[in-house]
Structures are given as structure tokens and as C-alpha cells.
Amino acid sequence: MCGIVGLYLKNEALQPRLGELFQPMLLSMGDRGPDSAGFAIYGDDVGHERLKYTLQAEDPATDWAGIAEALQAHLGEPVEWFRNATAAVFKTGTDADAVRGWLRDNAPGVHLMSVGHSIEILKGVGHPRLVAERFGLQGMQGTHIIGHTRMATESAVNMEGSHPFSTGHDLCLVHNGSLSNHNRLRTQLQRAGLRFETDNDTEVAAAYLTWRMAEGDSLTAALERAVDDLDGFYTFTVGTRNGFAVLRDPIACKPAVMAETADYVAMASEYRALTTLPGIQNARVWEPAPKRVYVWEGGPLTSQETGT
Amino acid sequence: MKTISLAEHSVREVNQLLHDQARELTEPHWRITDHDGRHALACGLDQAIAVDIDGHAGYYCAGMNQQATVNVHGTVGVGVAENMMSGRVHVHGNASQSAGATAHGGLLVIDGDAAARCGISMKGVDIVVGGSVGHMSAFMGQAGRLVVCGDAGEALGDSLYEARLYVRGSVESLGADCIEKEMRDEHWAELRELLAQAGFEADPADFRRYGSARQLYNFHVDNADGG
């Protein structure tokens, strides 16, 4: 079943309240996905000179300070870091391959959730309420956020199989549905140099978008092409460093509802996830059309809706 | 009028209060508030009562309705007025997919757009949509009328039996065995009547009629490849 939710702020004044506005949205979709939950929050941008690496380790005794210190010595540049429950965010240089390789060889049990200038992905097994509380979602700030509550169908209930999936810098995706050509597509994308952490179908969709955008497609163009190349049923919500997008497959049997005001754009699997948003009574509320790419990007008040 | 807040009652309790009106009519006009988009509001009614629902509602709103008049002051989720038998359901906003699915009778009015599969397997209901409908609308429709003041999406009326479809705007494509048909006097008359019942000011002369070519009723070997 699964539930997906997303919130993109157009009004900068709401940014300090992003977590507070989003937490009830995620929790309300607990009925659709009680197995695990996760969210990708965008904010606290570190600029072009550095990247943020969001890490997670199931062992609560993980020595994050020791890992950060050793990584700093290896890279020869400062690693600024903070811990959030079972996760840690490291801010350091832009050589992601060096960081990834060092972590793999020197920090067993540490998983790299996301890499980017702005994105932080936090996810885990358990009811959405537990996951939100574990990471303190309520108090978080940022520009936009997407989340997922999972009822597993295609792969195991574990942290690795939880959404969102990120395969490229700042790009991530949540998915309600299932893809039927993900094995073949994964093989093709691996040949193109994409890396996969799991056998999950949604990770393939994320990798597909990463590949298209690396090839020069805009977010809109990549999603338009996805309609032809992804087989299966899906409602996707996608986040990029400064963008937010929604796409449904041509049959559109997975639900989606959107709402827009001057202050925000929101999407959810069900309208009841949107009822606590400010001004929702007077928002434009509609069901996104199949095959149609909805994109907002570029920062406050420059949103656009792009039809195919 | 009796107002019930879903901040104080469960959906089950509210629906039970409305169902109790079938045994003894004590209150003809109800208003439901604070429902936060919950599903299955005002379902299974069987009495000539009026129910106003404040704000956007969830899935399967006013399903299986008999006799009652339900007004939703907002949008609705999947399957509004599903399997309605009689009465009237009026959505003062947009509707999600499968609006009026399998409904046998009554009138469903949607002021805004209806998404995919509007009137799927309709069995006698009348549906009047002020805006447009999505793909596969009136799929396998068996009886009743669907009036669309805007446009229709792909595969309108696919595998249609006997429902009559009227569309004012464009039709992206017709489904298997659905064809455009001539507008005769009785069609102008029924369309005018339906638009009047829905409260829409549209000129029947702007509409086209679609219906079944009746080529798929029985097995025909020429259709064996799918068609």
C-alpha cells in the first residue's frame, strides 16, 4: 500500500516550521505504511565547496567522533559533524568517492544514506511516529521535504529497504507502487556506471533519474522520459536541491492528491494528510493527472507546472 | 439542522446516527464538520434526509446512497457515491477517480473535474460533471447517462454496454466499441433535463453523444485478437 507525502515551501517565512508542518502529514499516513518510514529534508545548504554525507549505523555505540577524526586525517580537510540518534551528518569536501571508499573500508556497519549540498535522508524500521520521534522531525527546518510510510511488498523490511532512496547528489525519490522492469533496468544502469545499495525497485527509479540528469536532462525532461522507460505502477514524489516534482504512471491507480497556496505546494496519498496545513481550506486541491509532470523548482515564488 | 463534529464522534457513530433515520425520521437536515478528510462519510444512507459535509472529504464518501441528498463542500477522494442506488450527491469541488462507480441510480453532480474512471461500470446512475473527466471514464458502463461539460480523457466508454455519454469538449480517444452517435430529439431533451437538474447553464447544442457500437456483446471470432 504505502503512503507518500511531500511539502515544498514557497514562502521563506515558513522554513523554520518545515518539520512541524510535515510531521502530522507523515504520521497520518501510518495506516498506509506501518512497517517503516523515512524522509528526505532539504535545508542547511553547505554551498558548492562542500557536501553533506548523512550516515546511519544501527549500533548505538558507534564512535562517530572517532570516525570523523579518522576521516578528516584521511581526507586532509576538516570534517564538521553532528549526531542525530542513530544517524550522523558529516560536512566535508566534495570528493564523494573518496568518502564512500574510506567509509566502506574503515567504518563497517555505517551506511551512507545520502550525499548532497542540502539533502539529509533519515529513515528506519518501525511506525512512522517512532521514526519521526527518533530523529526529532518536529523541530527541523528547511525548504522542502518528502517522506514515505512503507508497507513492504518488493523487498525485506529493513532500514536499507526503507524509502526515500537517493542515488545521486541531492536527488531522491519516494514511491507508491511497484516497478516490473526494475531488474533489466538495473543491469542497464549498472553498465552506465550507476551504483546500487539494495535490490529494491524504487532505488532503480531514483538511479534512472540520476542517470538522465547526469546526461543533461532537466528534472522535467527526465521525468517525461521515465514515463516511457519505467514499466509498472507508481506515484512518485521527487526532491532535488531546489526542486520538487510529482509523476503518476499512465494508468494512475495509485492515489495522489495535491494542494497549492501562495505559501506551499503539498502532495499526499490521501487528502487527510493535508488537513493540518495552514490555509488548506482555501487551497487549490486537485488530483494530479496521469503521465503529467508537475515540477516546482528554483526557489520561492518561481514555481511552474509543466505539462507533457 | 443537527450538526455533528467528527472531533467528538467516530465515523462509525456518525454513520449510525444517519442510518437510524431510516427507522424513524427525526431530523431531516444534518451537517458534518471537523472530519479532517476521513473516509466513508455518510455511507449507506437510506432515508430522504439532507447531509452537508463541510470541507474536503476522503474516499468512498456517500457510498451506497439511497434517497438522501448529500452535499460535499469541497473535493472528494476515490469512489464518491460508489454504488449509489437513488438520491443525489453533489460535490462542490473536484472528485478523485472512480466517481459513481457501479452506481445503479440517483444523480451525482461534480462541479469541478473528475479524475480517471468516472462512472466505471455505471448501472443506471446519472452523472453530470461541470469540468473534465479522466481516462477510461464510463468503462463497461451498462446503463445511465454521463454528461461532461469539459473534456474526456483517453478511452472514453471502453467496452460500453448501454450507457449514454454526452461530452461538450474534446474526447482524447474513444475506447473499444464506443462510437459517436447522432443527437436526436429525445437526446436533446434528456440532456437539457440533466443539465437543469445539475444546475449547469450549458447549451445542449454544444454536446456530442457517444454510445456503444454493440459489436462486443457476443463472442465474435474476428475479435479474438483483442481489439
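In what follows, chains are A, B, ... by sequence order, proteins preceding strands, each numbered from 1. If you're wondering where the values come from, they're calculated on a predicted model, not measured in any experiment.
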Q: State plainly whether the residues B/D126 and B/R145 are in salt-bridge range, i.e. N to O under 4.0 Å.
A: yes
Q | Region of A/I251 that comes under 4.5 Å of a non-hydrogen atom in chain B | A | both
Q. If you measure from the Lys or Arg side-chain nitrogens to the Asp or Glu carboxylate oxygens, is any gap between A/R272 and A/D31 under 4.0 Å?
A. yes
Q: Only one of A/L18, A/L9, A/V5 passes side chain to side chain contact (heavy atoms under 4.5 Å, CB included) with A/I145; say which it is.
A: A/L18
Q: Quick one: which of B/N94, B/V76, B/V78 has the most heavy-atom pairs under 4.5 Å with chain A, could you say?
A: B/N94
(Q) Between A/V285 and chain B, with a heavy-atom cut-off of 4.5 Å, which part of the residue counts as in contact: side chain, backbone, both or neither? (A) both
(Q) Any salt bridge linking B/K2 with B/E27? Criterion: basic side-chain nitrogen under 4.0 Å from a carboxylate oxygen. (A) no
Q. Tell me, side chain or backbone of B/H56 under 4.5 Å from chain A's heavy atoms, or both, or neither?
A. both
Q | B/Y60 ring center within less than 6.0 Å of B/H39 ring center | A | no
(Q) Ring of A/F165, cation from A/K123 - is the NZ or CZ under 6.0 Å from the centre and inside 45° of the axis? (A) yes
**Q.** Proximal component of A/A289, with respect to chain B [non-hydrogen, under 4.5 Å]
**A.** neither
**Q.** Residue, of B/G134, B/G55, B/S98, B/S96, that accumulates the most heavy atom pairs under 4.5 Å with chain A
**A.** B/S96
Q. Of all of B/R117, B/M136, B/R38, which one pairs up most often with chain A through heavy atoms under 4.5 Å apart?
A. B/R117
Q) Using non-hydrogen atoms only, which part of A/P288 is less than 4.5 Å away from chain B: side chain, backbone, both, or neither? A) neither
